[in-house]
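Counting convention: from 1, in listed order, for ligands and their atoms alike.
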Amino acid sequence: MTSTEDGASRKVIRILSPDVAARIAAGEVVERPVSVVRELLDNAIDAGAGRITLEIEEGGLALIRVTDDGRGIQPEELELAFERHATSKIAGLEDLGHVHTLGFRGEALPSIAAASDLEITSRVAREPVGVSAVLVEGRLVRRSAKSSPTGTTIAVRDLFARVPARRKFLGAAGSEGRQVVVLASHYALAYPGIAFQVVAGGRRSLTTSGDGDMRHAFAAIYGAETAAAMLDVDFGQDGIGVSGLCGPTSVHRGNRSAISLFVNGRWVQSRPLTFALIDAYQAQLPIARHPVAALHIALADEEVDVNVHPAKAEVRFRDERAVGRAVRRSIAAALEASRTVPWGETPEQPLAVLARPGIPNSRPGPAALRAPEPRQAMLGLTRDSNAVDEAPSRTQRELLPMLRVVGQLNATYVICEGPDGMYLLDQHAAHERVVFDRLALKPPGDLSGVQPLLEPIVLEVEPALVATLDEYRPDLARLGLETEPFGERAALIRSVPAGLGARDVCKEVTALLQKLEGEHRLSDPFGKAAATVACHSSVRAGMLLSMEEMRRLVEDLERTTAPRTCPHGRPTLIHLGTDAIERQFGRR
Ligand code: ADP
Ligand code: MG
């Protein structure tokens, strides 16, 4: 009701009591146990702790206790710390531009205290004893001297017990507790110089040594084997530094929780940076698998705004794309470095100079246009091998075992015998990888594998695809698919990648553009274009192959950068080991 019957107005807008206002604001900072833990860890780190112990009961709902050996709070300031906007970390507006602590808002302690029963004990080094206080609903109810080591312990009990509306939105203790442990893991990685101990429900779930080595902290979380396999990341560009660890392509997870990103020491959740990271692996991880990485991103204060989220979970970059680029390149460089010959020998003799009897060489050009049977062109049997082959490193070749082609199954799979049993190759996926490498690794301007068309083909472009074609035109041209605008809704195709020439070109190019349209264009458009062109230029399932074609396919696959996955991340081969075969036949 906005007015009484006789028209006299009644006050409807009122200023909330400080209590209620505090309760509302608290909801922005502390949403669930994991957000309380984050604030308490931030405070301990800001206090210069070298050792932090975190204990939780019932996922943090019954108890969260954080103990640190940091500098402590002076007795005369203990109450002040629980006042709203009370902070020792910034003094004025000008400081907001260069915050070097994790906290700065002065909101955490009052917010947590407002939503729980809280007990704090703290001692600074120069005092003989510490001080202990109990707060109920944010108000100090008891305070006393207490003997304690230097540092601070904060125990938060019965979180949200008096805020049932909030409690309703929480998950079960198990899921809240998991979030807490995952968070603590991110922090342990970000601060390998701090010895973390996490005890959940009485069980020790994480212990790090605090020796300063990120790989050791990583081992404590993911195990020694994974830690040993991780690659070092160390990259700088445009004033952005990226360092840390990233998994080789053989290390991956079913979700993204093993991706930790830190910006100037602060753990952040950033979709664009996560995408940039995933993108760097794009073609090299199996489908639906996610990379494992812990990356520190360091940039100048003015490049990043940390004050955009009440719980400090997000940051804003002045130039987000530049940061994404740096992340992607740092990973690409680490993956690339891991592929080089480990013992630094001179490169092996290029395979191209090995004799390949029975394989005709021909230079690309009009003469090659009519000559080859389409499928031969597709499998690359006619290309000038000297122009394309590159010396692979030893490790690349070790990625595939020696395979002997036995036959074809279902006109789709190549059956091979290997050192340990049987291997089934998906002919399309394998050829896709071969074509992708051939396309993506050749230098710009290299015309091998490109089929110029004597008569350009007119392609009707669907309205929805006009923009896509425009955007990818230079990338596609570099891949051999040269097009030229022709009126408003058509294009002239001037040349095609060799494999595409054997098909209904217009149909293939349209399908290819449709695929590209659905892609995120943000990063690596060339890689995406290459993967798509590769897909449309490769042998399909259902195509009968001769023994020689299959042998050639296996040989070509061996020499690719990632022979076990197609550019979209699907496996190129599956393995049935001798053991498994013998067991099936009851021989064991
Ligand atoms: P902020 O961290 O944004 O300053 P908080 O409400 O989290 O605000 O903490 C208020 C103040 O209490 C801090 O600025 C700091 O001086 C002090 N404080 C909080 N936790 C600790 C701790 N574990 N050790 C030492 N001082 C602390
Ligand atoms: Mg704080």
Is it the side chain, the backbone, both or neither of [X] that has a heavy atom closer than 4.0 Å to ligand 1?
{"X": "A49", "value": "neither"}
{"X": "T152", "value": "side chain"}
{"X": "D68", "value": "side chain"}

Below 4.0 angstrom, N of the basic side chain to O of the carboxylate: do [X] and [Y] qualify?
{"X": "D470", "Y": "R473", "result": "yes"}
{"X": "E119", "Y": "R65", "result": "no"}
{"X": "K528", "Y": "D475", "result": "no"}

Nearest heavy-atom neighbours spanning [X] and [Y]:
{"X": "A49", "Y": "I194", "value": "O-CG1, 3.5 Å"}
{"X": "S209", "Y": "A195", "value": "O-CB, 3.6 Å"}
{"X": "S111", "Y": "V30", "value": "O-CG2, 4.0 Å"}
{"X": "F436", "Y": "P567", "value": "CB-CG, 3.4 Å"}

Mind running side chain to side chain donor-acceptor pair (under 3.5 Å) on T53 and T67 for me, showing each step along the way?
-> CA-CA 5 Å; T53 302; T67 304; 5.6 Å; no
Of all residues at least two apart in sequence or in a different chain, which pass the side chain to side chain donor-acceptor pair (under 3.5 Å) check with Y187?
-> R38, D42
What protein heavy atom is closest to [atom], reported as residue, atom name and distance in Å?
{"atom": "atom 10 (C) of ligand 1", "answer": "A86 O, 3.4 Å"}
{"atom": "atom 4 (O) of ligand 1", "answer": "T87 OG1, 2.5 Å"}
{"atom": "atom 8 (O) of ligand 1", "answer": "G106 CA, 3.1 Å"}
{"atom": "atom 15 (C) of ligand 1", "answer": "S88 OG, 3.5 Å"}
{"atom": "atom 2 (O) of ligand 1", "answer": "K89 NZ, 2.7 Å"}
{"atom": "atom 6 (O) of ligand 1", "answer": "L109 N, 2.9 Å"}

Under 2.8 Å from the Mg ion (ligand 2) - protein N/O/S, by chain and number = N43 OD1
Which of parallel (below 30°), tilted (30 to 60°) and perpendicular (above 60°) describes H186 and W267?
->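 If you compare the ring of H186 with that of W267, the planes turn out parallel.
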Kindly state each residue pair satisfying salt bridge (charged side-chain N to carboxylate O under 4.0 Å, His left out) with at least one member in residues 238-257, sequence neighbours excluded.
->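 Salt bridge (charged side-chain N to carboxylate O under 4.0 Å, His left out) check on residues 238-257 returns no pairs.
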Would you mind finding which of N43, L41, T153, I45 brings a heavy atom closest to atom 7 (O) of ligand 1?
->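 Comparing heavy atoms across N43, L41, T153, I45, the nearest one to atom 7 (O) of ligand 1 lies in N43.
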For [X], counting its heavy atoms only, list the atoms of ligand 1 lying under 4.0 Å from any of them.
{"X": "A47", "answer": "24 (N), 25 (C)"}
{"X": "A108", "answer": "6 (O), 7 (O)"}
{"X": "A81", "answer": "10 (C), 12 (O)"}
{"X": "P110", "answer": "6 (O)"}
{"X": "I73", "answer": "17 (C), 18 (N), 25 (C), 26 (N), 27 (C)"}
{"X": "G103", "answer": "2 (O), 3 (O)"}

With no hydrogens and no angle check, is any side-chain donor or acceptor of D69 less than 3.5 Å from a backbone partner on R51?
-> yes
Can G72 be said to touch ligand 1, with heavy atoms closer than 4.0 Å?
->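 Yes, G72 has a heavy atom closer than 4.0 Å to ligand 1.
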Looking at F526, is R478 sitting on its ring face, NZ or CZ under 6.0 Å from the six-membered ring centre and within 45 degrees of the normal?
->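 Ring-cation test returns yes.
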Among all residues two or more places apart in sequence or in another chain, which pass the salt bridge (charged side-chain N to carboxylate O under 4.0 Å, His left out) test with D437?
-> R433
